[in-house]
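Beneath this line is the structure, given in structure tokens, with notes to follow.
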Amino acid sequence: MPDSTISDSPLPGLYIVATPIGNLGDIGTRAAATLAAADVIAAEDTRVTAKLLAHLGLRVPMTPYHDHSDERTRAALVARMGQEVVILVSDAGTPLISDPGYKLVRDARAAGRHVTTLPGPCAAIAAITLSGLPSDRFLFAGFLPNKAKARADTLAEFAALRATLVFYESGPRLAASLAAMAEGLGDREAAVAREISKLYEQCVTGTLTELAARYADAPPKGEIVVVVGPPGEQAAEEADEATLDAALVEAMADRPVAQAAKAVAKRFGLDRHEVYARALALREQA
Ligand code: SAM
């Protein structure tokens, strides 16, 4: 059951506070009350957080904080948590999620400080809820690497996972990333969620190749999350057993079993190991 308790005077310690990802109205009552009670806010960019504070009518001291802030900055914040309320915020959304903070939390824990979180907006979670794709099992993949080889290697690591995948993206990279995902993951169902909670919020769904084609000549503006459905389900409907077997027999005619299985698994978006096992069984029957 939700608990509506808001402590009048928070204990000294570290408070990880999620902030809106677009609509300032999404700041929670408890987040606002805790910000008001802070001794200092450790902010990714104090100018961005100043806008949120102005919206709330608050004046609270701030200090910049990044994971590449030096040890002394972090140690000073951890020391203050012994007697003061120190808040960690990022520019938008949940701190630590593709944002600074984990080293501060790690060091605060190591020093035995009180550490608590005020949950709230997170673009990855919001995009999953918008996408209409399976939400029971997902992997948050953050930003893909920029370079094509590193991007392909990263996608190859995810290809066999039976999970929805969530990527943060930017407009200029979107079409190339979608095409690389189609290549590396198979042509799965996906969603491009843009400008969540803002005026021009949009969620476009389709296969990865359809989406790559849609955005190839028209890179979208704004902030973007790509959600990619798990392998198999949609593919399995299209690739019934007979279709799969026929594809395997054809592929095995001109290449070794492992290569044939890999190609067929990729074509239908299926698990490589399962397809390989089926290929071996077919070969034995032949
Ligand atoms: N910590 C944040 C969170 O909890 O979502 C994410 C920070 S990460 C540096 C910023 C990325 O999140 C953006 O490049 C975009 O991919 C995604 N993002 C943030 N706000 C968004 C929004 N309103 N709509 C869609 N994507 C958003």
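The analysis underlying the following values was restricted to heavy atoms, covering all of them including side chains, and did not include hydrogens, waters or symmetry mates. All ligand and atom numbering here is 1-based and tracks the order in the structure.
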Got the closest protein heavy atom to [atom], with its distance?
atom: atom 3 (C) of ligand 1; answer: Y168 OH, 3.4 Å
atom: atom 22 (C) of ligand 1; answer: I196 N, 3.6 Å
atom: atom 16 (O) of ligand 1; answer: I224 O, 2.6 Å
atom: atom 20 (N) of ligand 1; answer: E223 OE1, 3.4 Å

Any N or O of [X] that comes nearer than 3.5 Å to an N or O of ligand 1?
X: A193; result: no
X: A124; result: no
X: A123; result: yes
X: S90; result: no

### Task
Could you pull out, from I21, I125, V225, the option with a heavy atom nearest to atom 23 (N) of ligand 1?
I21
### Message
Between ligand 1 and F167, can you find any atom pair, the residue atom being a heavy atom, that is separated by under 4.0 Å?
### Response
no
### Query
G22: heavy atom below 4.0 Å from ligand 1, yes or no?
no
Are the side chains of [X] and [Y] in touch, meaning some heavy atoms are under 4.5 Å apart?
X: V257; Y: M252; answer: yes
X: T205; Y: E189; answer: no
X: D26; Y: S197; answer: yes

Taking only heavy atoms of [X] into account, list the atoms of ligand 1 that are under 4.0 Å away from them.
X: S98; result: 7 (C), 8 (S), 9 (C)
X: K198; result: 23 (N)
X: E169; result: 14 (O), 16 (O)
X: T94; result: 1 (N), 3 (C), 4 (O)
X: G93; result: 3 (C), 4 (O)
X: A92; result: 1 (N), 2 (C)
X: D99; result: 1 (N), 2 (C), 6 (C), 7 (C), 9 (C)
X: F143; result: 11 (C), 14 (O)

Is there a path of hydrophobic side-chain contacts, each under 4.5 Å between heavy atoms, that joins [X] and [Y]?
X: L52; Y: I87; value: yes
X: M62; Y: I27; value: yes
X: I41; Y: Y15; value: yes
X: V17; Y: V48; value: no

### Task
List the steps and the verdict of side chain to side chain donor-acceptor pair (under 3.5 Å) for D67 and Y65.
CA-CA 7 Å; D67 277 336; Y65 179 76; 3.3 Å; yes
### Task
For Y168, enumerate each residue passing the ring-ring contact (aromatic ring centres under 6.0 Å, His included) test, keeping only those at least two apart in sequence or located in another chain.
F140, F143
### Task
Apply salt bridge (charged side-chain N to carboxylate O under 4.0 Å, His left out) to R72 and D70, showing your working.
CA-CA 5 Å; R72 285 216 329 261; D70 61 23; 5.2 Å; no
### Query
Is it the side chain, the backbone, both or neither of L96 that has a heavy atom closer than 4.0 Å to ligand 1?
neither
### Message
Strictly below 4.0 Å, N to O, side chains only: are D107 and K103 in salt-bridge contact?
### Response
no
### Query
Which pair of heavy atoms, one from V275 and one from L248, lies closest together, and at what distance?
CG1-CD2, 3.7 Å
